[in-house]
Amino acid sequence: MPIQLYDTHSRSLRPLEAEANQPFRFYCCGPTVYGPAHIGNFRTFLLQDTLRRCLEVDGQAVQHVRNLTDVDDKTIKGAIQSGLSLKAFTHQWTEKFHADCEALNCLPPHEEPSAVEHIPQQIALIQQLIEKDHAYATEGGSVYFRVSSFENYGSLSRLKERELKSQSNNSAGQPNDADEYTREAVSDFALWKCRKEEDGDNFWSSPWGEGRPGWHVECSAMIESSFGGAILDLHGGGVDLCFPHHENEIAQSECAHGRPLCKHWFHSAHLMVDGAKMSKSLGNLYTLDDLCAKSFSPMAVRYALIAGSYRQQLNFTIETLHAAESALAKLERFASSLLDKTAEPSSALEHYIQPGNPESFDRFSKAWEALSNNLNTSAALGALFGVVGSNPASTLDAPGARRTLTAFGTLLYALGIKLFTKKNTELNIPEDVRAMGQERWEAKQARKYERADDLRNALLEKGWAIKDKPDGFEIEPK
RNA sequence: GGCGCGGUAGCCAAGUGGUAAGGCCGAGGACUGCAAAUCCUUUAUCGUCGGUUCGAUUCCGACCCGCGCCUCCA
């Protein structure tokens with residue numbers, strides 16, 4: 001049974017299957033690299049990553065391509081403000097994005113094309129559109145897509161053309177382009193923007209004069225060049241991209257190439273924070289670094305961001321993150337109970353975290369079914385904890401524990417969850433803390449409880465907690 | 001105004017025409033010198049009002065409330 005996923009275009013659940021002997025062609029709109037990505041961005045990328053992992057577990061050869069938007073209004077503005085070249089500016093934020101992705105255990109896409117490196121392809125695409133009369137150049141040297149020339153325009157988002165307002169205003173309500181009045185219709189969108197003073201050095205020459213590409217055309221051109229003219233199996237992005245970006249991509253690609261752009265559209269709902277849309281003005285916009293600074297682990301962030309199903313807005317709170325840390329700890333205890341049976345250290349768990357084979361899901365089959373059925377991460381996690389609660393380790397022998405670990409590991413792979421990531425990085429307990437712990441233990445053994453409790457409280461104030469065991473004690477960060 | 005989504009326990013969040021997964025928190029118990037950690041147990045009738053049905057949280061209708069997109073946006 002292939003994985004089923006809701007398709008925005010047909011508004012129905014449809015199976016995800018590549019053509020015979022072909023990779024599963026998976027394209028995602030990537031980040032605009034003008035600053036650190038926030039957790040809302042990452043929710044989308046994490047969900048896409050989780051879907052990709054599920055496809056791999058399902059046995060498909062996924063070709064995952066995610067672009068970098070490194071030339072647009074925001075990157076150009078940011079570069080000029082920071083006094084860096086566009087390339088240097090976007091490079092630093094690309095590096096940061098990669099580092100965050102790695103911390104969140106996001107698999108790198110197989111290809112990550114850069115928009116600025118595909119300008120010739122974009123120009124070629126625009127030329128094709130002009131030749132086919134789907135686009136026109138204005139006197140000012142910009143090029144627009146003629147929306148009225150594409151009958152299906154609006155089918156993805158169900159916007160009738162007559163309902164379209166202008167695509168020509170920026171967020172301040174000002175026209176984007178000086179030559180706005182030379183465009184034929186307000187709903188026409190820019191493919192090529194003529195050079196403007198505020199763009200600084202960031203312009204390229206084209207048959208229509210110097211300028212730069214429009215945002216939408218970047219994706220169409222990169223898809224064409226990465227997938228060599230094949231139809232995409234899946235295209236993903238946040239819901240906000242549905243219109244106009246994806247709608248425009250469809251118009252450009254289908255008009256230029258005369259075939260459908262994509263078979264399946266995957267849109268993930270937005271992340272809310274404390275019940276409201278994230279925004280800088282509300283002070284509820286978090287980056288990964290912001291959360292790590294509050295000493296949450298990146299893995300808890302991943303867990304929290306994928307714990308709700310993707311079609312539902314997820315309400316993120318700091319409490320969610322505490323819940324994620326606790327849930328992760330519970331999974332670690334579960335893994336430990338199985339690893340005890342196989343006499344392996346916790347570090348051995350990673351060998352079990354593999355794409356594996358769906359045939360072997362065993363008692364985790366409900367969890368896999370949930371993932372297969374429209375990427376229901378929430379139900380999958382629920383089913384996972386159902387198994388955890390049944391405490392299978394108590395009745396398993398070593399081979400049985402190994403089988404259970406294999407199934408469990410496959411599921412962890414699908415969800416992109418790594419365990420025991422915290423312990424490995426926090427083993428440096430200061431010497432004085434260690435000594436206090438030892439002294440407290442000795443006082444306790446000598447039944448000098450007052451002294452022992454004082455030391456325990458003192459350690460707590462320093463941020464360290466003592467966990468007593470029958471034959472000794474451990475010190476952990478509070 | 002157009003298109004779309006949602007209202008489930010203190011919080012987050014699945015799900016189903018036959019009396020509601022899971023996580024967190026809380027409470028009770030075990031353990032402990034007392035704690036912590038851990039383990040066990042435990043907390044809802046599903047926005048409101050109608051309708052269909054033997055039976056609805058789940059289907060239909062109305063209403064109320066919240067949210068998203070329609071403009072750069074994951």
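By convention in this document, chain letters (A, B, ...) are assigned in the order of the sequence lines, proteins followed by strands, and residues within each chain are numbered from 1.
Closest to the side chain of A/V239, out of B/rC12, B/rG33, B/rG68, is B/rG68. Residue A/L271 has its side chain nearest to B/rA74 when only B/rG33, B/rA74, B/rC3 are considered. The side chain of A/R333 lies closest to B/rC39, out of B/rC39, B/rG33, B/rG15. The side chain of A/R440 lies closest to B/rA35, out of B/rG6, B/rA35, B/rC69.
Taken from SG in A/C242 to CG in A/L156, the straight-line distance is 4.0 Å, to the nearest 0.5 Å. Between atom CD of residue A/Q313 and atom CE of residue A/M272 there is a gap of 4.5 Å, rounded to the nearest 0.5 Å. With rounding to the nearest 0.5 angstrom, the CG atom of A/D70 is 6.0 Å from the CG atom of A/L68. Rounded to the nearest 0.5 Å, atoms NZ (A/K341) and CG (A/L396) are 7.0 Å apart.
Regarding A/F334, its CZ atom lies at a distance of 13 Å from the P atom of B/rC39, rounded to whole Å. Going from atom NZ of A/K448 over to atom P of B/rA35 covers 23 Å, rounded to whole Å. Taking atom NE2 on A/H322 and atom C1' on B/rC11, their separation rounds to 13 Å, with Å as the unit. In this entry the distance linking CG of A/L241 with P of B/rU71 reads 14 Å, nearest Å. Put simply, CG on A/D72 is 15 Å from C1' on B/rU71, counting in whole angstrom units. The NZ-C1' distance, from A/K444 to B/rA35, rounds to 9 Å in whole Å. One can place NZ of A/K467 at 14 Å from C1' of B/rC39, the figure rounded to the nearest angstrom. Computed from coordinates, the A/N391 CG to B/rC39 P distance equals 9 Å when rounded to whole Å.
Heavy atoms of A/S309 sit under 4.0 angstrom from primed sugar atoms or phosphate atoms, though from no base atom. A/H267 comes within 4.0 angstrom of nothing in the nucleic acid, heavy atoms only. Here A/R11 lies in heavy-atom contact (under 4.0 Å) with sugar-phosphate atoms only. Using a 4.0 Å heavy-atom cutoff across all strands shown, A/Q312 reaches sugar-phosphate atoms only and no base atom.
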Please tabulate the protein-to-nucleotide N/O contacts below 3.5 Å involving nucleotides 65-67 of chain B, giving atom names and distances.
from	atom 1	to	atom 2	distance (Å)
B/rC67	O2'	A/Q313	OE1	3.0
B/rC67	O2'	A/Q313	NE2	2.9

Show each protein N/O and nucleotides 19-23 of chain B N/O combination with a separation under 3.5 Å, one pair to a line.
from	atom 1	to	atom 2	distance (Å)
B/rG23	OP1	A/K330	NZ	3.1

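OP1 and OP2 of B/rC34 both lie 4.0 Å or more from every side-chain N or O belonging to A/R456. Neither OP1 nor OP2 of B/rA14 sits under 4.0 Å from any side-chain N or O of A/N376.
Closest approach of A/Y449 and A/K444 over heavy atoms only: CE2-O, 3.8 Å.
Other residues, nucleotides and ligands contribute at most 12 non-hydrogen atoms within 6.0 Å of the NZ atom of A/K418.
Comparing the P positions of B/rU45 and B/rU57 gives a spacing of 12 Å, expressed to the nearest Å. B/rU41 and B/rC65 have their P atoms separated by 43 Å, given to the nearest Å. Comparing the P positions of B/rC60 and B/rG7 gives a spacing of 14 Å, expressed to the nearest Å. When the C1' atom is used for both B/rA44 and B/rA36, the distance is 31 Å, rounded to whole Å. Only the P atoms considered, B/rG23 is 11 Å distant from B/rC39, to the nearest whole Å. A gap of 35 Å separates the P atoms of B/rU48 and B/rC40, to the nearest Å. Nucleotides B/rG26 and B/rG66 are separated by 32 Å at their P atoms, to the nearest Å. A distance of about 34 Å separates the C1' atoms of B/rC5 and B/rC54, rounded to the whole Å.
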## Note on the structure
Base-pair string, RNA chain B, Watson-Crick plus G-U, cut-off 3.5 Å on both distances, | for inter-strand, is (((((((..(((.....[...))).(((((.......)))))....(((((..]....))))))))))))....

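A distance below 6.0 Å separates the ring centres of A/F97 and A/F45. Aromatic ring centres of A/F24 and A/H64 lie farther apart than the 6.0 Å criterion allows.
Both A/S157 and A/A269 sit near RNA chain B, but only A/S157 has its closest nucleotide nearer the 5' end.
Counting only N and O atoms by type, the side chains of A/E249 and A/H245 include a donor and acceptor under 3.5 Å apart. Looking at A/D72 and A/T75, their side chains do bring a donor and an acceptor atom within 3.5 Å of each other.
Applying the salt bridge (Lys or Arg N to Asp or Glu O under 4.0 Å) definition to pairs two or more places apart or across chains, those involving residues 27-49 of chain A are A/D49-A/R53, A/D49-A/R302.
One N or O donor and one acceptor, one from the side chain of A/D453 and one from the base of B/rG33, sit under 3.5 Å apart. With hydrogens and angles ignored, a donor-acceptor pair under 3.5 angstrom links the side chain of A/D468 to the base of B/rA35.
For the ring pair (Phe, Tyr, Trp, His ring centres under 6.0 Å) with A/F266, the lone residue among A/Y6, A/Y310, A/Y27 that qualifies is A/Y310.
Among residues two or more places apart in sequence or in another chain, the ring pair (Phe, Tyr, Trp, His ring centres under 6.0 Å) test is passed with A/H270 by none. Residues forming a salt bridge (charged side-chain N to carboxylate O under 4.0 Å, His left out) with A/K294 (at least two apart in sequence, or on another chain): none.
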